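This one's a predicted model, so the numbers in the text were calculated from it and none came from an experiment.
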Amino acid sequence: MAIGRTFEECFQKALRMCHPSVDGFTSRLPMNKEWPANLDLQKELADPSSVRVYAMAKALHDSVPVDDIHKLTAIDRWFIYKMRDIVNMEKSLKELSR
């Protein structure tokens, strides 16, 4: 079984293989749970945790600039741009299905 040919493909597969309730890089929490109404997204991005990757997806989905995410997470911009590509593709596919 192959891992994938692109970062985006490998990243999605790695997330899905963590647990059956994970759908990949989505802006929702595992098991399709919604974020709480009182969510402090900047705190979720700044503090390393098991849900930080989903907070990054939510931030990208909410059009938070890559530089702001980089400042809060210290994750290389290249990776954040690749994650943004995944979010943009999800948005494009949802538009097509309407």
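- The neighbour count for E44 CD, taken as heavy atoms of other residues, nucleotides or ligands under 6.0 Å away, is above 12.
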Scan the side chains in residues 21-28 for donor-acceptor partners under 3.5 Å anywhere in the protein, sequence neighbours excluded, and list what turns up.
from, atom 1, to, atom 2, distance (Å)
S21, OG, H19, ND1, 2.9
T26, OG1, R28, O, 3.3
R28, NE, N32, O, 3.3
R28, NH1, E34, OE2, 2.2
R28, NH2, N32, O, 2.3
R28, NH2, E34, OE2, 3.4

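- A salt bridge does not link K91 to E95: none of the charged nitrogens lies less than 4.0 Å from a carboxylate oxygen.
- Residue pairs meeting the ring-ring contact (aromatic ring centres under 6.0 Å, His included) criterion with at least one member in residues 41-72, sequence neighbours excluded, do not occur.
- The side-chain heavy atoms of D40 and Q42, taken from C-beta on, include a pair separated by under 4.5 Å.
- With contacts defined as side-chain heavy-atom distances shorter than 4.5 Å, the pair L60/N88 does not qualify.
- At distances below 3.5 Å, at least one donor-acceptor pair connects side-chain atoms of R52 with backbone N or O atoms of T73.
- Put simply, OG on S63 and CZ on R84 are 9.5 Å apart, with the number rounded to the nearest 0.5 Å.
- Hydrophobic clustering, with ILVMFWY side chains joined whenever heavy atoms are under 4.5 angstrom apart, groups Y81 together with F11.
- Identified under the salt bridge (charged side-chain N to carboxylate O under 4.0 Å, His left out) test for residues 65-74, with sequence neighbours left out: D67-R77.
- A search for side chain to side chain contact (heavy atoms under 4.5 Å, CB included) contacts involving F79 returns F7, I75, D76, M83, not counting sequence neighbours.
- Taking a 6.0 Å sphere around CE of M17, one finds it holds more than 12 heavy atoms contributed by other residues, nucleotides or ligands.
- For the side chain to side chain donor-acceptor pair (under 3.5 Å) test, no residue two or more places apart in sequence or in another chain qualifies with N38.
- Inter-residue side-chain proximity for V51 and W35 is flagged as met; some heavy-atom pair is nearer than 4.5 Å.
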(request) Would you please test W78 and V66 for side chain to side chain contact (heavy atoms under 4.5 Å, CB included) and show each step? (result) CA-CA 10 Å; W78 184 87; V66 170; over 6 Å; no

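- The two residues I3 and C10 have their closest heavy-atom pair at CG2-SG, 3.5 Å.
- Shown here for V87 and A57, the closest heavy-atom pair between the two residues is CG2-O, 4.1 Å.
- Not counting sequence neighbours, the partners of E8 by the side chain to side chain contact (heavy atoms under 4.5 Å, CB included) test are T6, K82, D85, I86.
- Between the CG atom of L72 and the CD1 atom of I69 there is a distance of 8.0 Å, given to the nearest 0.5 Å.
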